[in-house]
Engineer: 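Encoded as structure tokens, here's the structure I'll be asking about.
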Amino acid sequence: MADSKREIERKYEATGATRLPDLGRVAGVAAVDHRGVMELDAVYYDTEDLRLAADSLTLRRRTGGDDAGWHLKFPVSSGIRDEIGAPLSDTLPPALAALIRSRARDTPVVPVVRLRSVRDVHLLTGADGAPLAELSVDEVRAERLHGGSGTTAWTEIEVELADDGDPAFLDAVEKRLRKAGIRPSTAPSKLFRALAETTPKKKERPEPPTPPHTAGDHVLAYVRHQITEIVAQDPAVRRGLPDAVHRMRVATRRLRSALRTHRKVLDRTVTDPVGAELKWLAAELGVDRDQEVLDARLRNRLEALPRTLALGPVRARLRIWSTARRIGTRRRTLAVLDGTRYLALLGTLHALLADPPLLPAAAGPPGKALARAAHKDHKRLTARVAHALELPPGPGRDAALHDARKAAKRARYAAEAARPALGKPARKAVKRLKAVQNLLGDHQDSVVARDALRTLAVQAHAAGESSFTWGLLHGQEEAKAAARERELPQAWARASRAEIRAASGS
């Protein structure tokens, strides 16, 4: 079983001659408890090409101290990481292996660095005796085990905030350390420093990255961003983090949309099969997410009703119905992420970036190519909105508006990809297309909610319960959908005025 904790810490440069200031003078500190010296021995693991380190992840097996075991750390923001721990074992625990799968794929991890540290620990406590932070002075010796050679050594000071502590306390500690001449470390982690100081130096100077200047550059930058998001959200989905499934699904849809939109830049004979697999993945991720959205909508509608209009055991029925539909959905999602089909898709996406199937148009200037692609998607949306508005209210219009919603997403994503090259026109288009998409999305959510409410009413009636409340909510959803349909022409008129013209950037 893996345990997770939020780690908030700061690192500082030190030397063997560095003397700690009087930490008892830090604001809020009532006592400084010297906890003694311990020896730590950690082996850090990564793929041979250091994929984890490239994304600022660290995976280690450590002995010594009070937290011996396996530790996997994910960056959250500067100085903040989520640490997932597992008991000490000879091999990588399956729970941690799953969390690095989207990066490692089917490549094994190997020992890359060994760090042996002598740690001198001081516990800072407040007036109530509760811990505020742990400050340690670490004498580190690093040995490169793979991909380099040699050893290096340094001394650093690490200040880690106590669980549920106020991050502002670290500012007070840092102020005291700075007065003593102690400065923040330039290395974000021990592993980063060890790798940097034991990697063979290349004689040639690496060329600085160049900004995108061709149509292909811009499209690939957008594609790369979506693939990076899919990979990053994989472990978040496995950990059950809020909104992770939604974010991974959106990145999947954006990527598929980009491959379809930019067929003049990327060879569709290569990208169409990838798009089919992305469609499959988005559908699988949507099973649990769609039910989650529906549950929240129905609960909110029910909670907004006066209690006098909630007749019968409506809350209990909704809870039972929701639970029955969601049983096994998370298990299904995890099974997809552990499956060979998904692993093959990750490998395909990596290969797509390594050897992109660029067409001759990719070498051209971005403005014209990206504007034409966005214009084409906007024309498709125009036709679908016009068709939907011509239909009378009812199931036919509902289906047409849903098709328009999907076209609105694609047009918005095309404008997003064009934004770095086209600037203000693309930003305006994104904003107004998003408004149309949200409006159509709320309409479609109402369609789905009405179908669910009818099912709940039938079940309630069959059980001898009143179906009044379900019918009342159904009527509210009908009114909500009608209101959205009335708002559509005006929202669409604004979006039309922000259309990206095909000649833009030519």
Side-chain angles (χ1 to χ4, degrees), residues 237 240 242-246 248-249 253 279-337 339 388 391-406 409 437-488:
V237 170
D243 212 34
V245 173
H246 174 62
M248 187 174 183
R249 187 188 188 194
R253 285 176 163 174
K279 182 179 180 180
W280 159 77
L281 178 59
E284 291 291 346
L285 293 172
V287 172
D288 192 44
R289 172 63 183 176
D290 289 346
Q291 186 61 38
E292 179 185 14
V293 171
L294 177 59
D295 290 350
R297 188 180 184 98
L298 297 184
R299 283 197 309 271
N300 291 338
R301 289 278 186 265
L302 196 55
E303 291 300 324
L305 282 180
R307 299 190 69 84
T308 55
L309 298 180
L311 304 184
V314 288
R315 289 176 175 80
R317 175 159 295 283
L318 177 59
R319 184 171 59 253
I320 293 170
W321 177 82
S322 299
T323 302
R325 288 172 65 91
R326 297 194 70 178
I327 287 177
T329 54
R330 174 165 171 77
R331 189 181 303 115
R332 174 175 173 174
T333 299
L334 295 179
V336 167
L337 299 187
L391 297 175
R397 175 182 268 197
D398 290 342
L401 289 172
H402 184 41
D403 287 341
R405 178 198 183 190
K406 290 185 283 188
K409 286 183 179 181
Q437 177 191 328
N438 289 343
L439 188 152
L440 292 172
D442 193 40
H443 182 277
Q444 176 62 18
D445 288 348
S446 176
V447 172
V448 175
R450 276 179 277 159
D451 184 63
L453 288 165
R454 184 181 182 280
T455 299
L456 286 163
V458 170
Q459 292 178 352
H461 179 75
E465 302 165 6
S466 172
S467 58
F468 169 82
T469 301
W470 306 118
L472 179 61
L473 294 180
H474 190 282
Q476 289 183 349
E477 288 292 356
E478 282 186 324
K480 172 66 74 174
R484 290 291 179 255
E485 290 179 27
R486 289 192 299 270
E487 295 168 14
L488 178 59

Engineer: Could you tell me if the side chain of V447 sits less than 4.5 Å from the side chain of L401, heavy atoms only?
Structural biologist: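 They are not in contact (no side-chain heavy atoms under 4.5 Å apart), so the answer is no.
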
Engineer: If every non-hydrogen atom of S467 is compared with every non-hydrogen atom of A457, which pair is closest and at what distance?
Structural biologist: CB-O, 3.8 Å

Engineer: Show your working on salt bridge (Lys or Arg N to Asp or Glu O under 4.0 Å) between D403 and K406 and close with a plain yes or no.
Structural biologist: CA-CA 5 Å; D403 287 341; K406 290 185 283 188; 3.6 Å; yes

Engineer: Let me confirm one number: the CZ-CZ distance from R289 to R249, rounded to the nearest 0.5 Å.
Structural biologist: 8.0 Å

Engineer: Within the structure provided, determine whether L281 and V336 are in side-chain contact (heavy-atom separation under 4.5 Å).
Structural biologist: yes

Engineer: Among R326, R332, R331, find the one that has a salt bridge (Lys or Arg N to Asp or Glu O under 4.0 Å) with D288.
Structural biologist: R326

Engineer: Looking at every non-hydrogen atom in both residues, tell me the closest pair between A452 and L294 and how far apart they are.
Structural biologist: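 Residues A452 and L294, closest heavy atoms: CB-CD2, 4.0 Å.
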
Engineer: Answer with yes or no whether the side chains of Q291 and R325 bring together a donor and an acceptor at under 3.5 Å.
Structural biologist: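 Distance-only check passes for R325 and Q291.
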
Engineer: Would you compute the distance between atom CD1 of I320 and atom CZ of R315 and round it to the nearest 0.5 angstrom?
Structural biologist: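 Going from the CD1 atom of I320 to the CZ atom of R315 covers 14.0 Å.
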
Engineer: To the nearest 0.5 Å, tell me how far D398 CG sits from E485 CD.
Structural biologist: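 So the gap between those two atoms works out to 6.5 Å.
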
Engineer: Give, for atom CH2 of W470 and atom CD of Q459, the distance between the pair rounded to the nearest 0.5 Å.
Structural biologist: 9.5 Å

Engineer: Drop me the distance from E477's CD to R450's CZ, to the nearest 0.5 angstrom.
Structural biologist: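 E477 atom CD to R450 atom CZ measures 7.5 Å (nearest 0.5 Å).
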
Engineer: So, does T469 use its side chain to make a donor-acceptor pair with the main chain of L311 at under 3.5 Å?
Structural biologist: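 Present.
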
Engineer: May I have the step-by-step check of side-chain contact (heavy atoms from CB on, under 4.5 Å) for L337 and M248, ending in yes or no?
Structural biologist: CA-CA 12 Å; L337 299 187; M248 187 174 183; 3.9 Å; yes

Engineer: So, for L391 and G396, which heavy atoms are closest and what is the spacing to 0.1 Å?
Structural biologist: CD1-O, 3.6 Å

Engineer: Should K480 and Q476 count as side-chain neighbours, where that means a heavy-atom distance under 4.5 Å?
Structural biologist: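 No, side chains not in contact.
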
Engineer: Enter the distance from L439:CG to Q437:CD here, rounded to the nearest 0.5 Å.
Structural biologist: 11.0 Å

Engineer: Can you find a heavy atom in the side chain of W321 that is under 4.5 Å from one in the side chain of D295?
Structural biologist: yes

Engineer: Please confirm whether the backbone N or O of N438 pairs with a side-chain atom of D442, one donor and one acceptor, at under 3.5 Å?
Structural biologist: no

Engineer: Which atoms form the tightest heavy-atom contact between R397 and P392, and what is the distance?
Structural biologist: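 Where R397 meets P392 most closely, the heavy atoms are CB-O, 3.4 Å.
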
Engineer: Looking at L309, L456, L453, which hits side-chain contact (heavy atoms from CB on, under 4.5 Å) with L473?
Structural biologist: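 With L473 as partner, L309, L456, L453 yield a single side-chain contact (heavy atoms from CB on, under 4.5 Å), made by L453.
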
Engineer: Show the nearest heavy-atom pair for residues A460 and S466, with the distance to one decimal.
Structural biologist: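 Heavy atoms of A460 and S466 come nearest at CB-O, 4.0 Å.
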
